[in-house]
*Asks:* 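Sharing a structure below in structure tokens format, with a few things to ask.
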2 protein chains.
Amino acid sequence: MADRGESIEVIQREMTVFARRARATAARMHPELSLVSFTLLSHLEDRQGCRATDLAAHYTLDKSTISRQVAALEKAGLVERRQDPADHRVHVLHLTERGVGVLAQVTDSRRIAFRERLAGWSGPDLERFAEYLLRYNAGASDEGP
Amino acid sequence: MADRGESIEVIQREMTVFARRARATAARMHPELSLVSFTLLSHLEDRQGCRATDLAAHYTLDKSTISRQVAALEKAGLVERRQDPADHRVHVLHLTERGVGVLAQVTDSRRIAFRERLAGWSGPDLERFAEYLLRYNAGASDEGP
DNA sequence: GCTAATGGTTGTACAGTACAACATGACGTA
DNA sequence: TACGTCATGTTGTACTGTACAACCATTAGC
């Protein structure tokens, strides 16, 4: 039906539409935890703690940005910084107990929202959609759209 | 393979990853035309001109935001505002010749980038991916993720 | 004609981000 | 061992995108 170029147009446009909305939506859903903070906390949980530099590399954000984000999260009591005894330059970041709790709660309510959002979808469609997104993002090293 | 919940997790996470990157990528690709500006110009071209209020409604942005964005685009010579003779409150927005040109050029280079980005994909996969995105976004009235 | 709604601008504030300058600490080599 | 270089992080500064609220101008409804 659609030719290659057409599909690409659509993907481009719809990805863009999505991007434009995501941040605002996240903010509306969770005034207490922005999309950025959420992803940082997730990563921290995933890795069971890591350095600021790792976060910066993983999300291609400037280290100053991370520094301030982390400072805010620390101030909010969601994250704590432990000096690495082996290298005194390094602060290893860990979720606090409270951080774990908040993250769990937000993750949960996000999951619920997405579940509802995707309620009309068949299992195989969901699976394929997820697959495509993974594939798309996996290919997005750092310079593609 | 994956159950429903798992797929939803993935979609949620990957959409988020994408969202986090899109803006920065657009900025890197086109320092002269942000993602926001780009979408506004596209809409203007699509509609062959429209009012600021229409843009605000379509993108669920505050009218003040639109006002300033449009002001910037006007200053950059990409858009012009024509007073509606029938209703003196209204400014109808139109692309200038230069606006059309810049939009075309950016659209083009975006298309090229996406084409490259999706080079390894089969036609049917592209088609289905596009379809899913459309479906997803179409359902995203205004409160879902 | 007066009141309410609509379209838009301006003041203000905030988040997220980058870049550059800097401080501190670690490490390798002469 | 001391010096230069690299790595980690923080701070100063500036810009974009955004919202909300107050406001002005104009139109529409009763």
Side-chain angles (χ1 to χ4, degrees), chain A residues 16-17 19-41 49-76 78-93 142, chain B residues 16-17 19-41 49-76 79-94 142:
Chain A
T16 304
V17 166
R20 232 187 337 86
R21 284 178 182 160
R23 205 180 282 243
T25 303
R28 230 181 305 122
M29 275 173 60
H30 306 288
E32 82 284 7
L33 196 64
S34 74
L35 189 53
V36 176
S37 302
F38 174 75
T39 51
L40 295 182
L41 291 189
C50 71
R51 302 171 307 160
T53 299
D54 299 337
L55 289 176
H58 192 257
Y59 293 123
T60 30
L61 290 170
D62 193 81
K63 55 189 180 158
S64 66
T65 301
I66 296 292
S67 176
R68 285 182 236 265
Q69 288 286 336
V70 167
L73 290 173
E74 191 183 24
K75 194 170 166 197
L78 304 178
V79 157
E80 65 181 7
R81 294 188 295 178
R82 306 185 192 149
Q83 269 233 338
D84 183 342
D87 183 339
H88 277 209
R89 292 169 305 180
V90 172
H91 288 154
V92 183
L93 307 169
D142 197 15
Chain B
T16 304
V17 166
R20 231 185 342 82
R21 284 179 180 160
R23 203 180 281 243
T25 303
R28 231 180 305 122
M29 275 173 59
H30 305 289
E32 81 285 8
L33 196 65
S34 75
L35 189 54
V36 176
S37 302
F38 174 75
T39 51
L40 295 183
L41 291 189
C50 72
R51 302 171 308 161
T53 299
D54 300 335
L55 289 175
H58 191 258
Y59 294 122
T60 28
L61 290 171
D62 193 81
K63 54 187 182 161
S64 66
T65 300
I66 296 292
S67 176
R68 285 184 235 265
Q69 289 286 336
V70 167
L73 291 173
E74 191 183 22
K75 196 170 164 198
V79 157
E80 65 181 7
R81 294 187 296 177
R82 306 183 191 149
Q83 268 232 338
D84 184 343
D87 183 340
H88 277 208
R89 291 170 303 181
V90 172
H91 288 154
V92 183
L93 307 170
H94 289 271
D142 197 16

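All chains are named by letter (A, B, ...) in the order of the sequence lines, taking the proteins before the strands, and each is independently numbered beginning at 1.
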*Asks:* Tell me the interatomic distance from L73(B), atom CG, to dG17(D), atom C1', rounded to whole angstroms.
*Replies:* 13 Å
*Asks:* Please report the closest heavy-atom contact between G49(B) and V92(B), naming both atoms and the distance.
*Replies:* C-CG1, 4.5 Å
*Asks:* Starting at CD of Q83(A) and ending at C1' of dA23(C), how long is that distance when rounded to a whole Å?
*Replies:* 14 Å
*Asks:* Pick the closest DNA chain C nucleotide for A86(A) and for Q69(A) by heavy atoms, then say which residue is nearer the 5' end.
*Replies:* Q69(A)
*Asks:* Please report, rounded to the nearest Å, how far the P atom of dG9(D) is from the CD atom of E74(A).
*Replies:* 13 Å
*Asks:* At under 4.0 Å between heavy atoms, how does the protein contact nucleotides 6-12 of chain C? Give one character per nucleotide, 5' to 3', with B, S or -.
*Replies:* BSBBBBB
*Asks:* Would you say the side chain of V90(B) lies within less than 4.5 Å of the side chain of T53(B), judging by non-hydrogen atoms?
*Replies:* no
*Asks:* Whole angstroms only, please: what is the CG-P distance between D84(B) and dA25(D)?
*Replies:* 19 Å
*Asks:* Rounded to whole Å, please give me the gap between CG in L35(B) and P in dT17(C).
*Replies:* 14 Å
*Asks:* Can you find a heavy atom in the side chain of Q83(B) that is under 4.5 Å from one in the side chain of H91(B)?
*Replies:* yes
*Asks:* Please report, rounded to the nearest Å, how far the P atom of dT10(D) is from the NZ atom of K75(A).
*Replies:* 15 Å
*Asks:* Taking L41(A) as the fixed residue, which of L93(A), L78(A), V36(A) is the one that meets the side-chain contact (heavy atoms from CB on, under 4.5 Å) rule?
*Replies:* L78(A)
*Asks:* For D87(A) and D84(A), indicate whether the former's side chain and the latter's backbone hold a donor-acceptor pair under 3.5 Å.
*Replies:* no
*Asks:* Can you tell me how far P of dT17(C) sits from CZ of R28(B), to the nearest Å?
*Replies:* 13 Å
*Asks:* Is T39(A) reaching over with its side chain to a backbone N or O of L35(A), donor-acceptor style, under 3.5 angstrom?
*Replies:* yes
